[in-house]
Amino acid sequence: MTENAPPVSAVTRRLAFFKGLQTLTNRIHASRNVDELLLELAPEFCALFEAERFSIYTVDESGHSIITRVKTGLSGVQSIRLPIAENSIAGFVALSGQLVNIRDAYDDSELQQISPGLKLRREVDASTGFHSRQMLVAPIRDPESGKLLGVLQLINTLSGAPFSQIAEEGVQGLAQTLAVAFLRHASQPARLRSRFDALVMDGRITAEEFADATRDARENGNGTESVLIDQFGLGTAELGEAAARFFGVPYQPFVANHVKPLDLLRNIKREYVEQSLWLPYEETTEGVVILCIDPEQVRSSGVAQNVFLKKRLSYRVTTERDFEQTIEQFFGVDLGDASVNDLLSGLDEHEEESVARKDDVTAAADNELVKLVNKVIIDAYKQGASDIHIEPRPGREKTLIRFRKDGSLVPYIEVPASYRNPLVTRIKIMCDLDIAERRKPQDGKIRFRKFAPIDLELRVATLPTQGGMEDVVMRLLASSEPIQIDKLGLLPFNLERLKGAIAKPYGIFFVCGPTGSGKTTTLHSILNYINTPDTKIWTVEDPVEITQKGLRQVQVNRKAGIDFATMMRAFLRADPDVIMVGEMRDHETVTVGIEASLTGHLVFSTLHTNSAPESVVRLLDMGMDPFNFADALLGVLAQRLAKRLCLKCRAAYHPDEDEMHRMLEEYCEDMHLVDEFRADPEGARGRVLARWKEAFADKAGRFTLYAPVGCEHCNHGYKGRVGLHELMQGSEAIKRLIQERGRVDQVLGQALHEGMRTLRQDGMEKVLAGITDMKQVRKVCVR
């Protein structure tokens, strides 16, 4: 043996290492299920390379990231996704295609010698308490094309020394073996053995994690789906898509606003659905859609086909949780009452021909139809709907019933076509309308206390539609207490100014906005604030929606000669302190209101205008004397209602500088009308940003905004509504502009100079406070 020959022990170790590696690679070449085998072999690879941890990443479908395929020792961490970039060591190897052998991964100088931008991702160590030191990382590439397939990574030697030259050679050989195995595996059609296998194939979880989830479910009696969702953080959509690939049918998630297929459910009971795990979901051009957890079992049993004879069936798979929610949606019973499905089933027991032979009045008296109409109204009331829309459709199409909730229409149920006329007739009977008149619109009211123990009034409008049909729209007017003024959603700045304006002994104050913007609610909150035993308050409204003790309230009745102007004049003879007029839409009513405010009375009313400054010009255009109007004006409050983010599911994020810059520019758009802003726009923007940071940012100066997500408690990420406000006070400068018949932009510029915030500005501050988002603000505020 020569002097330079290595010791026998080193040669022996080298031979033993590569012999062991050859044994493992032969098993990989022979395997039909690479992922399962690699999970089994992972401990042996760690032992062979004398490493603490072993991971394999593969390139995801986008080609821009790598995701964990196999990993050991990190069972408490979900699958890791890394961009192919220098901000991680595995990502750098994927990007550069070179092998790296690192002595200390926390040594930034060592990393920069490899590449100036190379960094260690320390989040995993921080979350697990593990400390990475040595790393040996190699790319896995197609031997022919050189295309990147993945990355092989070894972490921490057992001895604490760097990975050896033998380990470098071995890891390169192993990477070549894995490349061949991955290509062979990819060329074969993937064989999914369960509804969850696609999750492992796609790298959503590792095979090791799935094995842990299955074992946990078996030991604790929980379903595997529940374990994957609750412990591994997977979403129902991910599980549903994986099941869809296994069964070869589309995935159907739970849809909160899905219209219930009442005619398909007529002979199906909840108990059977919970036992058999299938139900009819809807009828489409594909046939009757069967929603189920296991399509193969339902299809092979033939029960669904026996229920729906002579109909084509199509199948959609869903998750257990989605299915439970759909059952509750279709068969849920409110407070022990009969469900709307049962009521519709009762209607459908009649043959359509027999219904057609009855006259509408007889059919409208049908006990099941009476119960159905009552149930629709009760459900709308319980769900917080503001309106019920009944929309008959031509031919054999069903009549659609929709609810308006939080400003948006959502489907509720569909009623068979044969009942469209009796349904409308029943509602007409409830509000004493002419059931024979179908060619003219009619208005009426339902005092629902006559039909159910709910103190509820409904304003009903019937409208003739094409084809000799009639639509019905019912507005729910629940007798309710007024909202406290402090809970209207006014920003503290506006609340203080509002309280100051309404504390005056006389004058006129307007609340303006489109229909349904909450004007009446705000006015009653104001009246509640000033309602004291020594104050006489008269109101005339159409209709009286909110009742208050201490108020003398009159309802408009034009047939009896009671309108706004007539009652205003009558109030002046009834010793009022405060007068509230539901709406000022004509010259006479406004004139009487201004006269009342100039003779020592406090007058409140509403206007249908877009903004506070526009209201002033609108009233002048109606022929008001500018001097009397200027003397009387206390202020104008414009408002809108925007959807409120659901507090249970909204997602927080920190906006970047570009997003905050856009918000700031949008906030300051109208400020060009103010002289101070034109003189120093950058300084003005800086002052606005400083005020925002003081009010809404954290100690580091970062803002937190929220995005809608959507959950079972809300409607696509929103629940409830919040008011956006624009309060213009009747200052001396504003009154001077009114007397001079100033333009809208002049009035707006002066109001902004005095500190008024526009509707959009108010909304943006509520975005910064996490109450709503910019999409909703832009939707309701005119730019």
Side-chain angles (χ1 to χ4, degrees), residues 377 386-388 424-451 454-464 470-480 482 508 510-511 515-516 519-521 523-524 527 531 535-597 599 601-608 622:
I377 295 172
S386 61
D387 300 86
I388 303 169
V424 175
T425 300
R426 172 60 192 166
I427 294 169
K428 285 183 175 182
I429 291 171
M430 293 173 75
C431 52
D432 298 323
L433 296 180
D434 183 354
I435 61 174
E437 180 57 73
R438 295 184 179 177
R439 296 171 298 174
K440 295 180 181 178
Q442 297 186 70
D443 295 324
K445 287 180 185 167
I446 298 175
R447 288 175 175 80
F448 195 59
R449 199 159 194 169
K450 292 165 53 179
F451 308 98
I454 296 177
D455 190 8
L456 175 65
E457 186 171 274
L458 295 99
R459 187 170 64 198
V460 180
T462 69
L463 301 96
E470 285 181 285
D471 275 33
V472 180
V473 179
M474 296 187 280
R475 166 69 57 90
L476 279 68
L477 308 173
S479 297
S480 58
I508 190 165
F510 292 99
V511 178
T515 301
K519 300 185 296 295
T520 302
T521 300
L523 274 180
H524 271 278
L527 293 179
N531 184 8
T535 304
K536 178 75 170 189
I537 303 176
W538 284 102
T539 78
V540 55
E541 303 167 71
D542 183 24
V544 175
E545 298 183 34
I546 300 173
T547 55
Q548 291 191 53
K549 290 182 180 179
L551 269 59
R552 310 311 300 154
Q553 296 175 263
V554 178
Q555 178 130 347
V556 168
N557 184 348
R558 291 181 176 82
K559 291 181 181 178
I562 299 175
D563 57 22
F564 289 121
T566 302
M567 290 313 303
M568 281 282 289
R569 295 192 186 278
F571 288 163
L572 293 176
R573 300 189 294 272
D575 188 27
D577 294 305
V578 179
I579 296 172
M580 192 271 270
V581 187
E583 187 177 347
M584 287 190 176
R585 65 174 73 179
D586 56 67
H587 180 273
E588 184 181 6
T589 309
V590 180
T591 301
V592 177
I594 291 176
E595 287 176 3
S597 66
T599 54
H601 305 99
L602 188 56
V603 180
F604 295 96
S605 187
T606 68
L607 285 171
H608 287 275
M622 289 170 65

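Residues satisfying the salt bridge (Lys or Arg N to Asp or Glu O under 4.0 Å) test with Glu437, not counting sequence neighbours, are Arg439. The salt bridge (Lys or Arg N to Asp or Glu O under 4.0 Å) check on Arg552 picks up nothing, with sequence neighbours excluded. With sequence neighbours left out, the ring-ring contact (aromatic ring centres under 6.0 Å, His included) criterion links Phe564 to no other residue. Taking the salt bridge (Lys or Arg N to Asp or Glu O under 4.0 Å) definition, one finds that Lys428 meets it with Glu470, sequence neighbours left out. Applying the side chain to side chain contact (heavy atoms under 4.5 Å, CB included) test to Arg459 and every residue at least two apart in sequence or in another chain returns Arg475, Leu477, Pro543, Glu545.
Applying the salt bridge (charged side-chain N to carboxylate O under 4.0 Å, His left out) test to every pair with at least one member in residues 570-583, sequence neighbours left out, gives these pairs: Glu583-Arg585.
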Check the pair Val603 / Met584 against side-chain contact (heavy atoms from CB on, under 4.5 Å), numbers first and verdict last. CA-CA 11 Å; Val603 180; Met584 287 190 176; 4.1 Å; yes
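Taking every heavy atom of both residues into account, Ser605 and Gly582 meet most closely at OG-C, 4.5 Å. Looking at every heavy atom in both residues, Gly444 comes nearest to Cys431 through C-CB, 4.3 Å. Listed here is the closest heavy atom pair of Gln548 and Gln553: N-OE1, 3.2 Å. Heavy-atom minimum distance, Met622 versus His587: O-CD2, 2.9 Å.
Screening Thr425, Leu458, Ile446 against Met430 for a side-chain contact (heavy atoms from CB on, under 4.5 Å) leaves a single residue, Ile446.
Neither side chain, Glu595 nor His601, offers a donor N or O lying under 3.5 Å from an acceptor on the other.
Residues Asp387 and Leu476 have side chains not in contact (no heavy-atom distance under 4.5 Å, counting atoms from C-beta outward). Two residues are said to be in side-chain contact when any heavy atoms from C-beta on lie closer than 4.5 Å; Leu527 and Met580 meet this criterion.
Taking CD1 of Ile579 as the reference point, atom CE of Met567 lies at 10.0 Å (rounded to 0.5 Å).
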